[in-house]
There are 2 protein chains.
Amino acid sequence: MKKNEEIQLINADQKFEEFLKLKELKYTSERKLILKAIFSFDKHFNVEELFEKLREQGNHISRATIYRAIPLLLQSGLITEALHCQDKTSYENVFNREHHDHLVCTNCGKIIEFYNEKIEKLQEEVCRQHNFVPIEHRLGIKGYCEDCYKKLKK
Amino acid sequence: MKKNEEIQLINADQKFEEFLKLKELKYTSERKLILKAIFSFDKHFNVEELFEKLREQGNHISRATIYRAIPLLLQSGLITEALHCQDKTSYENVFNREHHDHLVCTNCGKIIEFYNEKIEKLQEEVCRQHNFVPIEHRLGIKGYCEDCYKKLKK
DNA sequence: ATGATATTGAGACTTAATTGCAATGAAAAA
DNA sequence: TTTTTCATTGCAATTAAGTCTCAATATCAT
């Protein structure tokens with residue numbers, strides 16, 4: 001684990017602990033290990049991958065426990081549900097990362113992240129117009145990445 | 001069925017037929033009935049609702065057939081997968097309807113549609129910057145609608 | 001250290017979605 | 001119109017994600 005990842009994990013750990021305390025829930029060793037495993041992914045993961053990763057790390061934690069931890073991690077804001085790419089629900093570690101939106105290539109699956117300040121502002125404006133209080137948003141644009149488009153044109 | 005709905009159905013019918021012909025597939029009576037049933041929904045539906053609707057209309061069409069028709073309808077552009085609101089996958093009839101994005105209340109499930117020209121343009125710009133060719137996009141903002149926010153504040 | 005209670009693991013269960021297969025039906029070819 | 005081909009259908013079996021139950025266990029406030 002890289003140095004800065006380690007620091008992030010410690011901070012995430014704290015945040016999760018505070019969240020759990022607030023809800024009068026317990027910060028069990030299983031939950032600690034799950035959080036740690038999440039940080040060993042580059043970014044995206046699904047439940048099955050998380051289960052496998054934990055086993056690799058020598059910790060057998062039941063799927064049920066993982067499924068039960070997910071809503072807590074979502075609520076605490078440490079992860080979010082990722083763009084519904086294929087079949088399985090997948091999640092994204094978003095702790096201490098900037099918000100961003102996605103361009104998803106429907107051909108090769110490549111994901112390009114982007115952030116556009118103006119779009120963000122306009123969204124806030126739309127919410128105000130409808131007296132809507134936003135929590136989070138997700139913008140996904142499906143299409144063809146440069147390489148795939150070239151291939152397909154041939 | 002209202003007059004304009006009828007006309008839309010006829011056009012959708014044509015579009016679906018063309019699509020199937022192009023793929024050397026058959027436009028069966030079952031597929032016709034499924035399309036008709038979709039048009040009798042205000043807009044959103046899921047497979048179970050579609051199955052029920054068909055039964056109400058006196059047509060017993062098996063779930064398998066419906067499940068097999070869905071990808072074709074998606075590919076033909078007559079429907080799209082709707083914002084993943086709760087558990088079941090739901091779809092949206094988008095034939096001849098203006099594109100729009102969604103505000104989704106996480107408390108009561110209410111969906112507010114909106115369209116913002118500037119956001120659309122900015123998205124196109126982002127795509128150009130990344131040499132990305134968009135097919136479709138989806139923007140969903142989760143949060144609290146006016147009523148629910150008032151209730152929660154109390 | 002103790003006790004109240006949240007949490008865990010295992011496996012049964014639920015439910016959405018897919019698949020195999022024999023019978024059927026659409027539509028191109030004759 | 002009839003024949004022929006092969007996509008399509010319905011049913012039931014199957015898969016797979018996710019949830020639930022319950023006895024045993026672990027956490028944490030006191």
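Numbered from 1 within each chain, the chains take letters A, B, ... in sequence-line order.
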Checklist outcome for this item: Here the distance between atom P of D/dC28 and atom CD of A/Glu30, to the nearest Å, is 11 Å
Next on the checklist: Strictly below 4.0 Å: does B/Thr28 bring a side-chain N or O up to OP1 or OP2 of D/dT9?
Outcome noted: yes
Checklist entry - Is it true that B/Tyr67 and B/Leu25 fall in one hydrophobic cluster, defined by side-chain heavy atoms closer than 4.5 Å? => result yes
Checklist entry - How do A/Glu24 and A/Thr65 order along DNA chain C: which one's closest nucleotide is nearer the 5' end? => result A/Glu24
Checklist entry - Of B/Leu25 and B/Ala64, whose nearest nucleotide on DNA chain D comes first from the 5' end? => result B/Leu25
Next on the checklist: Does D/dG18 have OP1 or OP2 under 4.0 Å away from a side-chain N or O of A/Thr89?
Outcome noted: yes
Item to check | Distance in angstrom units between B/Leu33 CG and C/dG25 C1', rounded | outcome: 14 Å
Checklist entry - When the distance from CZ of A/Phe51 to P of C/dG9 is rounded to whole Å, what number comes out? => result 10 Å
Checklist entry - Given that B/Tyr27 and B/Val47 both sit by DNA chain C, which one's nearest nucleotide is further toward the 5' end? => result B/Val47
Next on the checklist: When you measure from the centre of the six-membered ring of A/Phe41, is the NZ or CZ of A/Lys53 closer than 6.0 Å and no more than 45° off the axis?
Outcome noted: yes
Checklist entry - Any donor-acceptor pair under 3.5 Å joining the side chain of A/Arg68 to the base of C/dG9? => result yes
Checklist entry - Is the A/Phe16 ring parallel, tilted or perpendicular to the A/Tyr27 ring (thresholds 30°, 60°)? => result perpendicular
Checklist entry - Roughly, in whole Å, what's the span from NZ in A/Lys26 to P in D/dT25? => result 15 Å
Item to check | Whole angstrom value for the distance that separates P of D/dT27 from CG of A/Leu20 | outcome: 13 Å
Next on the checklist: Whole angstroms only, please: what is the OH-C1' distance between B/Tyr91 and C/dA16?
Outcome noted: 10 Å
Item to check | Nucleotide C/dA17, atom P - distance to CD of B/Glu49 in whole Å | outcome: 12 Å
Item to check | B/His60 side-chain N/O to D/dT9 phosphate OP1/OP2 under 4.0 Å | outcome: no
Checklist entry - So if you build clusters from Ile, Leu, Val, Met, Phe, Trp, Tyr with side-chain heavy-atom gaps below 4.5 Å, do A/Leu50 and A/Leu74 land together? => result yes
Next on the checklist: Please determine whether a side-chain nitrogen or oxygen atom of A/Arg31 lies at a distance below 4.0 Å from atom OP1 or OP2 of C/dT8.
Outcome noted: yes
Next on the checklist: Without decimals, in angstroms, what is the distance between A/Glu17 CD and C/dT7 P?
Outcome noted: 14 Å
Checklist entry - Does NZ belonging to A/Lys43 count more than 12 external heavy atoms closer than 6.0 Å? => result yes
Checklist entry - Within the structure, does a side-chain N or O atom of B/Tyr67 lie under 4.0 Å from either OP1 or OP2 of C/dA17? => result yes
